[in-house]
Every structure is written in C-alpha cells, then in structure tokens.
Amino acid sequence: MSATGGGAAAAAPRPVPRIGLGTAVQGPKPDPVRRAVLRAIELGYRHFDTAAHYATEAPIGEAVADAVRAGSIASRDEVFITSKVWCADAHRDRVLPALRRTLSNLQMEYVDLYLVHWPVTMKAGRYSAPFTEEDFELFDMRAVWEAMEECHRLGLAKAIGVCNFSCKKLETLLSFATIPPTVNQVEINPVWQQRNLREFCRDKDIQLMAYSPLGAKGTHWGSDSVMDSGVLHEIAKAKGKSVCLRWVYEQGDCLIVKSFDETRMKENLDIVDWELTEEDRQRISKIPQRKINQGRRYITEHGQYKSLEELWDGEI
Ligand SMILES: NC(=O)c1ccc[n+]([C@@H]2O[C@H](COP(=O)([O-])OP(=O)(O)OC[C@H]3O[C@@H](n4cnc5c(N)ncnc54)[C@H](OP(=O)(O)O)[C@@H]3O)[C@@H](O)[C@H]2O)c1
C-alpha cells in the first residue's frame, strides 16, 4: 500500500465530515495550498474540497503525503477528499478520463466524493474564463450522470453527487439515477439560507454541503454582505465566535470553508460545542435573502440558460 494510496478496496464509504477546508483560491497555488493543507491536517481538518477547475488537486495530494510521512495521519484513508468534474468534461465520454486525471493529480487511488461542478456543459478544452457563447453545449444530465455512476462502480469515487442543482434538477436526476446523488454542494450562508432546497434534500436523503458559508468575501465570486452584516456582527461580538458557520452547522448541513490563515483555520473549527440562542436564530432568519454566487457567466443569449431564472429553475 502506498503512503497516500490505501487501495480502492481498503476504504469503505463513510459519512461526509461536517467541516471541510475549501481550496478555491486566486493567485499562486502550489506552495501556499500545500502548506495550508498540511497545517490544516495538523489542526484536525479531515475533509478537503477541491476541483479540477481550482488546480489545487496536486498540492492537496502532496500535503496528504507529507502528513502521512510526518505521522500526523496514518494513511490517506484518514482524510476525505472531494473533487469535481469541470463543465468542459461534463460529456459522457470525458467524465471517467477527467476523474483519472484528478486521481493522478492527487496521487490517490480514489476520491471519497466526486461531484458534477455545475449543471453546465462546455466544449472540451474550455477550462478558464472568460467564456463566450460558442463555448457552451447542451448539458445532457443523463449522459453525465451515467458516467458518474460508472466512476462509482469502478471504485474510483466512493460517493457521487452534484453542485449547484435546484430542486427541479434534482427531481429530474432522481427520476433516472440508478445511484442517487449523495450530496448537493451549493451556496449556503445566512444571506442565502436555502430553506426550500434543504427541505427537499432532507426528504430525498441528499446531504446539503454549504460552500461560501462566509459569503466568500475577497473573491471574485463572493461579496461582503455576509461578513459585513450588522446582525451577524452583533451576535458574533457577544459570542466571540463564528456565528455564520455555527448557523450552517445547526441546519444539519456539511460545510466547506476556506481560510489559509492559521488563526482563522482554528476559529473556523470552533463551532461544535456551543449553540446560538433561539433569539439569535430568529434574528438570522429575518436577514434579507440574496444569492451571492449567481453563476452569471453561464448565462448566454442563445444557449441552454438564457437567464438566471432558467439556470436556477426559478429558485433564485
Ligand atoms: N461547488 C461550487 O460551485 C463552489 C463554489 C464556490 C466555492 N466552493 C468551495 O467552497 C469553499 C469555501 O467557499 P469560498 O472560498 O467561496 O468562501 P468562504 O469560505 O465563505 O470565504 C472565504 C474567505 O473568507 C475569509 N475567511 C475565512 N475564515 C475567516 C474568518 N474566520 N474570519 C474572517 N475571514 C475569514 C478567507 O480569507 P483567509 O484565507 O485570508 O482567511 C477568504 O477570503 C471554496 O474554497 C471551494 O472549495 C465550491
């Protein structure tokens, strides 16, 4: 067994860890990501979220191998790795080769969870923005999902799921899936609480996984509206803790939060053994709702999604 391998047969599927470290970062990647992930493992993070599109798979794999060598973990099997197939590989015959590339980047024999990154298909080879109308093709959900199921059957993905799916798209997927999605990874934070989607997913036994739980302040897809919310500031000041993350946790969702700063990485783990008060919850429930990461770059004049309404099936 290799240091980071473990063997596909050795690791059984397991519950998704409730807290994970995000790795969607702008700017220089390999060294900062490798250092941050290694430190995160030492601090107790066991779930790492990546994607072919983030170009952070290789440094995560290196950090896990470093952690095994340093003895922080006994083997790769002690961490939970989520990765995602990018839109340019959301074609029936491109999903499995894309996963094999992901595994090669990670230097691993399996991912714990493999997700469809967006309900969007682009022409092969279109990896980086800006995207133009000509880059898009029709997203064939059935073809993509059958390829995802094959990844699971081969033992290369212990679980499979989707991202950025509305209730309507999940309903369609469930109507033909042989293997139902384990997870729907979507934006969730106090400014975009996703009450209907949560109810739907609970009913269908799909685990919601929150991305941008802090609103992704400082990124090109994020906004200040969560971190600068007056209500959240007041509650956080009284508690001295991360109210946003605790709120997501209390909803029963898994969450992925990105910080490469050691103090904030520790702070973001400190959400388990305390609670918001009923009054806090009531105040948070009244925060005006607005989706931050709307996916505007997937809207085209003549393509599959001509409006945000169409992309999100009116659930925006
Ligand atoms: N499936 C999808 O389509 C999708 C879309 C977006 C994101 N994601 C995943 O979800 C992960 C998390 O979401 P995100 O990165 O968009 O946003 P996020 O985790 O809500 O916010 C990240 C930002 O908040 C800062 N931060 C983190 N902890 C903090 C704290 N305790 N106090 C103050 N600032 C703090 C970080 O800066 P520092 O690093 O300087 O602390 C960073 O600028 C991503 O990295 C990615 O893995 C998935």
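Counting starts at 1 for both ligands and their atoms, following the listed order. Just so we're clear, the structure is a prediction, and the values are computed from it rather than from any experiment.
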Give me each pair satisfying ring-ring contact (aromatic ring centres under 6.0 Å, His included) with a member in residues 21-53, each pair once, sequence neighbours excluded. His47-Phe80, His53-Trp86

Does Tyr249 have Arg18 sitting over its ring (NZ/CZ under 6.0 Å from centre, angle to axis within 45°)? yes

According to the ring-ring contact (aromatic ring centres under 6.0 Å, His included) rule, which pairs have a member within residues 176-212, sequence neighbours left out? none

Quick one: which of Thr102, Asp89, Asp49, Thr50 gives a side chain to side chain donor-acceptor pair (under 3.5 Å) with Lys84? Asp49

Residues two or more places apart in sequence or in another chain: which of them pass side chain to side chain donor-acceptor pair (under 3.5 Å) with Glu146? Arg92

Ligand 1: protein N/O within less than 3.5 Å of ligand N/O:
{"from": "ligand 1", "atom 1": "1 (N)", "to": "Gln185", "atom 2": "OE1", "distance (Å)": "2.8"}
{"from": "ligand 1", "atom 1": "3 (O)", "to": "Asn164", "atom 2": "ND2", "distance (Å)": "3.0"}
{"from": "ligand 1", "atom 1": "8 (N)", "to": "Tyr54", "atom 2": "OH", "distance (Å)": "3.4"}
{"from": "ligand 1", "atom 1": "13 (O)", "to": "Ser212", "atom 2": "N", "distance (Å)": "3.0"}
{"from": "ligand 1", "atom 1": "16 (O)", "to": "Ser212", "atom 2": "OG", "distance (Å)": "2.7"}
{"from": "ligand 1", "atom 1": "16 (O)", "to": "Trp221", "atom 2": "NE1", "distance (Å)": "2.7"}
{"from": "ligand 1", "atom 1": "19 (O)", "to": "Lys258", "atom 2": "N", "distance (Å)": "2.9"}
{"from": "ligand 1", "atom 1": "20 (O)", "to": "Pro213", "atom 2": "N", "distance (Å)": "3.3"}
{"from": "ligand 1", "atom 1": "20 (O)", "to": "Leu214", "atom 2": "N", "distance (Å)": "2.7"}
{"from": "ligand 1", "atom 1": "20 (O)", "to": "Gly215", "atom 2": "N", "distance (Å)": "3.3"}
{"from": "ligand 1", "atom 1": "20 (O)", "to": "Ala216", "atom 2": "N", "distance (Å)": "3.1"}
{"from": "ligand 1", "atom 1": "28 (N)", "to": "Asn268", "atom 2": "ND2", "distance (Å)": "3.0"}
{"from": "ligand 1", "atom 1": "31 (N)", "to": "Glu267", "atom 2": "OE2", "distance (Å)": "3.4"}
{"from": "ligand 1", "atom 1": "31 (N)", "to": "Asn268", "atom 2": "OD1", "distance (Å)": "2.9"}
{"from": "ligand 1", "atom 1": "39 (O)", "to": "Lys258", "atom 2": "NZ", "distance (Å)": "2.7"}
{"from": "ligand 1", "atom 1": "39 (O)", "to": "Phe260", "atom 2": "N", "distance (Å)": "3.1"}
{"from": "ligand 1", "atom 1": "40 (O)", "to": "Arg264", "atom 2": "NH2", "distance (Å)": "2.9"}
{"from": "ligand 1", "atom 1": "41 (O)", "to": "Ser259", "atom 2": "OG", "distance (Å)": "2.5"}
{"from": "ligand 1", "atom 1": "41 (O)", "to": "Arg264", "atom 2": "NE", "distance (Å)": "2.6"}
{"from": "ligand 1", "atom 1": "41 (O)", "to": "Arg264", "atom 2": "NH2", "distance (Å)": "3.3"}
{"from": "ligand 1", "atom 1": "43 (O)", "to": "Lys217", "atom 2": "O", "distance (Å)": "3.0"}
{"from": "ligand 1", "atom 1": "45 (O)", "to": "Thr23", "atom 2": "N", "distance (Å)": "3.3"}
{"from": "ligand 1", "atom 1": "45 (O)", "to": "Ala24", "atom 2": "N", "distance (Å)": "3.0"}
{"from": "ligand 1", "atom 1": "47 (O)", "to": "Thr23", "atom 2": "N", "distance (Å)": "3.3"}
{"from": "ligand 1", "atom 1": "47 (O)", "to": "Asp49", "atom 2": "OD2", "distance (Å)": "2.6"}

On the ring face of Trp312, is Lys291 found with NZ or CZ under 6.0 Å from the centre and within 45° of the axis? yes

